[in-house]
Structure formats: C-alpha cells, structure tokens
**Student:** 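Pasting in a structure now, in structure tokens, and then I'll have a few things to ask.
Indexing begins at 1, ligand by ligand and atom by atom, following the structure's order.
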Amino acid sequence: MADTTPMPLVAGANVPPGGQYLPLFTTYVNPSAQERVAAVLQSTFLSEGKLVKEFETRLSAELGMVNPAALNSGTSALHLALEVAGIGAGDEVILAPQTFIASALTVVQVGATPVFADIQYNTGNIDPADIEHRITPRTKAIMAVHWGGYPCDMAEIKAIADKHNLVVIEDAAHSPGAVYQGRPIGSISDYTCFSFQAIKHLTTGDGGALCALDPEKAREVFRRRWFGIDRANSPMNEVGEREYDLFDVGYKYHLNDYSAALGLANLDGFHERMTRRRALVQQYNEGLQNVAGITHFERKADRESAHWLYGFHVENRLQFIRTLKANGIAASVVHDGIDNNTLFGSKRMELSNQRRFDETQIHIPLHDNLTEEQVDYIITTIKQGW
Ligand SMILES: *Cc1c(COP(=O)(O)O)cnc(C)c1O
C-alpha cells in the first residue's frame, strides 16, 4: 500500500505550491489529540474503558453507525464479522479482487474460500450482475468493498443475498461518512467493517469498528472481541476472579483508551473535513472534465462517496505517473486486483473488467493538507498533457 513518507522532489522537478512533494495521502491528527492522549497516559488507564465506549457512542450518533464495536483494526473487524456470521471451513464468500488483501485474507483465516466476481469497470466495485452464477450450495456470504469510498450497488446485492439466503458483509474501510440511498454506510448490511488505520479518513493509529445490525449478533461481537467473556456480566468474585464460562472462541480485538482518545479528537470536525474534501473533489471534477485521455468513474446521484481516493481511468498510465512525479505529484493505483496471490489461487482470473481496471485506474492526491492552490497546480499539470 502506498505510504505517507514524504518523497524528495526529483532533480529538475517543478515545485508544487508549498514547496513539497504532494503525497497521495496524509495522516490527519486533530491538534486536540495531544492533550486528550496525554490525559489518558496521565490517568494510567490505558486499555479498553470509558473512552472506547464514548468513541462508540459518537460513531453511532455522528456517523450513523449501528451498534459499532471499536476494535484494534479493520482486519479484525472483517475476521470477527465472518466468525460471528458463522462462516467457516468449506464455505465460500463472493467478493471482488479490487481491494486490499485483508478482505480475502480474513476469508481464508476462517477456513473458507474467497470466490472472486468481476467488478464494474466504471467504479471498481463488485458487479451485481456477476454474482449470481458464482453461487453454489457452499456460498454463505457476499462481501462488498466500497472502492475508494464510493458505495456499491447495495440494493441489488441485498436482493441477491435475500434470494439465496446469504449474509452481506461490507468492507467499508474506505467509506466512513458515505451515504447510500439516504442511509449511512454502517447502517445497511448485516455486518459493516471500518478501518481507522493511519491513512484512512478517521484514524486511531490502528483500529476499526464492526457494526452488526442484529442486536443479538452485536452482543456476540462485543463478547468475542474480548476473549469471548461477557465483560459487563462477569462480576469479580471474592477471591478475585471474574465469573464466566467460556463457550466459544473469542479474540483480543478490542480498541484501547489511548487510541480511542485519538479517535475522539479526530471525530471533532469530521463533517467539516468531509465537506472540505467534497469541495476539493468538486474542484478536480470541474478542472478535469473533458481532458483527453481521462475517463471519469461513475458518480450516481443516489449515493455520496466518502472520497477516500480521487481516481479515474487514464491512457498511457506509466507516462502519466512519470509526468506527475517530475512535477512533484504522487499518482498511484493504490491496489491492483488481489486474485493472483498464491494464497488465493496464484493466477489472474478471467475477469475482464478487473483486468482492464488493472491497466488503467489511477489516483491522485486527496487529503486534509491539500490546498485549493495545490489542486489547481495538479489540474494544470495534468492538462498540459503526458
Ligand atoms: C485498510 C483496509 C483494510 C484493513 O484495515 P486495517 O485497519 O489496516 O486492518 C481492509 N480492507 C480495505 C479495503 C482496506 O483499505
């Protein structure tokens, strides 16, 4: 994955406004985090406590997540979702290759098999029309990854899932704050998994959240994120041990309070940051319309992307990347289709849209430190050709 390490400007490069190389991502840390995290350190209450609870309350109140359980990573959220959904050895999960390996890796971790479906060339999201013929008696779930933050066709996916009695799991690592047909991501499917990793919109350093719609399943998530012990209902007895009976496998997946303190600080002003992000996207959209060699992704009126990435299809991609680099601007595919990994079958599947997408998709900088002037510079550079 592209990281945020500042790159030196290449010799002879044009210098962007600000005098620095423009990275694809930056890590956002709200200034108030210094004090909030310091207070946790001062208190010496570092592990899961009231700040994790407060973080969850705000995720639900401010971002519309249903029953969010704060975890130590997005990967833990995916793994726990599969576990709580009862997916295991011999089962199959249908997902698209256009994602980070964590999506399919967690399927393998529970003993199930990832079955890859094609994407839509104009979004990078799973194509609902390519799902149904891949369903077998072993299929248990559809995993929908909102590529770059743009919501998948959830209505079509849900209709297929209902017809075949499948669970829907959203990998929403790129899409906190996204909205689909008026509903926030995190309130739609059986399970929704978020990541609070350093270069995601809302970071806790590392962290994640799992939303389970069914309250019973949500209780199971909370229990199994902490070894399988129901913390709230396992009182300490006189000899100093909690009273509980472990009856299934749990994990050490909870978030801790100093990470939650960072998350709480970063929730302050989240909507303002998203508004600013949308304005930068609008600036790109206007500046880059009708540029020869660029084909924009789909943007439907019934959904609002979280805009983690600003991407499109480009002709002559390598030359495009080199031209931008020579002008001090990052450009990256972020991820290629993951289906060729040895663990997932070691060959590129015959998925025609995914293969075309691998050849042409590209992303340019979009993050909190980016200024309008820098976006103008990027637009001007691109319009000069490559
Ligand atoms: C970042 C990411 C993950 C993993 O999240 P972590 O918090 O790093 O474990 C999963 N899926 C996608 C699509 C991601 O981008």
Side-chain angles (χ1 to χ4, degrees), residues 1-4 24-28 52 55 59 65 68-83 93-110 114 116-117 119 123-126 141-152 168-178 185-186 189 191-211 221 225 251-256 259-260 262-263 266 305-311 332-339 341 343-344 354 357-358 361 363 366-367:
M1 181 189 292
D3 70 20
T4 58
L24 209 64
F25 309 104
T26 54
T27 294
Y28 178 79
V52 170
F55 184 52
L59 287 175
M65 296 184 191
L71 306 178
N72 58 3
S73 77
T75 306
S76 300
L78 289 165
H79 181 233
L80 195 53
L82 289 157
E83 282 280 346
V93 176
I94 298 178
L95 78 165
Q98 188 54 44
T99 183
F100 179 54
I101 49 162
S103 317
L105 179 59
T106 50
V107 173
V108 177
Q109 284 172 351
V110 299
F116 293 107
I119 55 170
T123 65
N125 288 340
I126 193 166
I142 302 169
M143 189 186 281
V145 184
H146 309 303
W147 179 247
Y150 184 78
C152 293
V168 178
I169 299 171
E170 293 177 47
D171 181 339
H174 302 176
S175 46
I185 296 296
S189 297
Y191 302 93
T192 307
C193 307
F194 293 94
S195 166
F196 306 135
Q197 188 259 345
I199 60 169
K200 304 289 164 67
H201 299 74
L202 175 69
T203 190
T204 58
D206 276 302
L210 171 53
C211 303
V221 167
R225 80 168 172 188
Y251 300 90
K252 168 79 178 175
Y253 277 176
H254 62 83
L255 195 69
N256 62 57
S259 296
L262 174 54
N266 282 343
S305 177
H307 303 292
W308 186 55
L309 302 172
Y310 188 86
S332 165
V333 302
V334 184
H335 301 302
D336 281 329
I338 60 169
D339 47 324
N341 283 277
L343 188 68
F344 311 138
Q354 178 68 60
F357 200 87
D358 287 342
Q361 69 142 341
H363 304 279
L366 184 59
H367 53 76

**Student:** Kindly give the heavy-atom pair with the smallest separation between Ser175 and Ala306, and that separation in Å.
**Tutor:** CA-CB, 3.5 Å
**Student:** In ligand 1, which numbered atoms sit nearer than 4.0 Å to a non-hydrogen atom of Ser73?
**Tutor:**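 Atoms satisfying the 4.0 Å criterion: 7 (O), 9 (O).
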**Student:** Name the one of Leu95, Val93, Ile94, Leu105 that satisfies side chain to side chain contact (heavy atoms under 4.5 Å, CB included) with Pro114?
**Tutor:**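 Only one option passes, and that is Leu95.
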**Student:** Report yes if Ala102 has an N/O atom closer than 3.5 Å to an N/O atom of ligand 1; otherwise report no.
**Tutor:**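 No; the residue has no nitrogen or oxygen that sits under 3.5 Å from a nitrogen or oxygen of the ligand.
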**Student:** Quick check: Phe100 with His335 (ring centres under 6.0 Å apart)?
**Tutor:**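 For His335 and Phe100, the ring centres are under 6.0 Å apart.
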**Student:** Look at atom 7 (O) of ligand 1 and find which of Ser103, Ser195, Gly205, Ser76 reaches it with the closest heavy atom.
**Tutor:** Ser195
**Student:** Go through Trp147 and Ile126 one step at a time and tell me if the side chain to side chain contact (heavy atoms under 4.5 Å, CB included) criterion holds.
**Tutor:** CA-CA 9 Å; Trp147 179 247; Ile126 193 166; over 6 Å; no
**Student:** Taking only heavy atoms of Thr99 into account, list the atoms of ligand 1 that are under 4.0 Å away from them.
**Tutor:**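 Listed by number with element: 13 (C).
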**Student:** Any idea which of His335, Gln197, Lys200 brings a heavy atom closest to atom 1 (C) of ligand 1?
**Tutor:** Lys200
**Student:** Has Asp171 got a side-chain atom pairing as donor or acceptor with Leu78's backbone, closer than 3.5 angstrom?
**Tutor:** no
**Student:** Below the 3.5 angstrom mark, is there an N/O of Asp206, backbone or side chain, next to an N/O of ligand 1?
**Tutor:**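 No.
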**Student:** Spell out, as yes or no, whether a donor-acceptor pair under 3.5 Å connects the side chain of Thr203 to the backbone of Phe196.
**Tutor:** yes
**Student:** Any nitrogen or oxygen of Trp308, side chain or backbone, less than 3.5 Å from one on ligand 1?
**Tutor:** no
**Student:** Show me which atoms of ligand 1 lie under 4.0 Å from any heavy atom of Gly207.
**Tutor:** 7 (O)
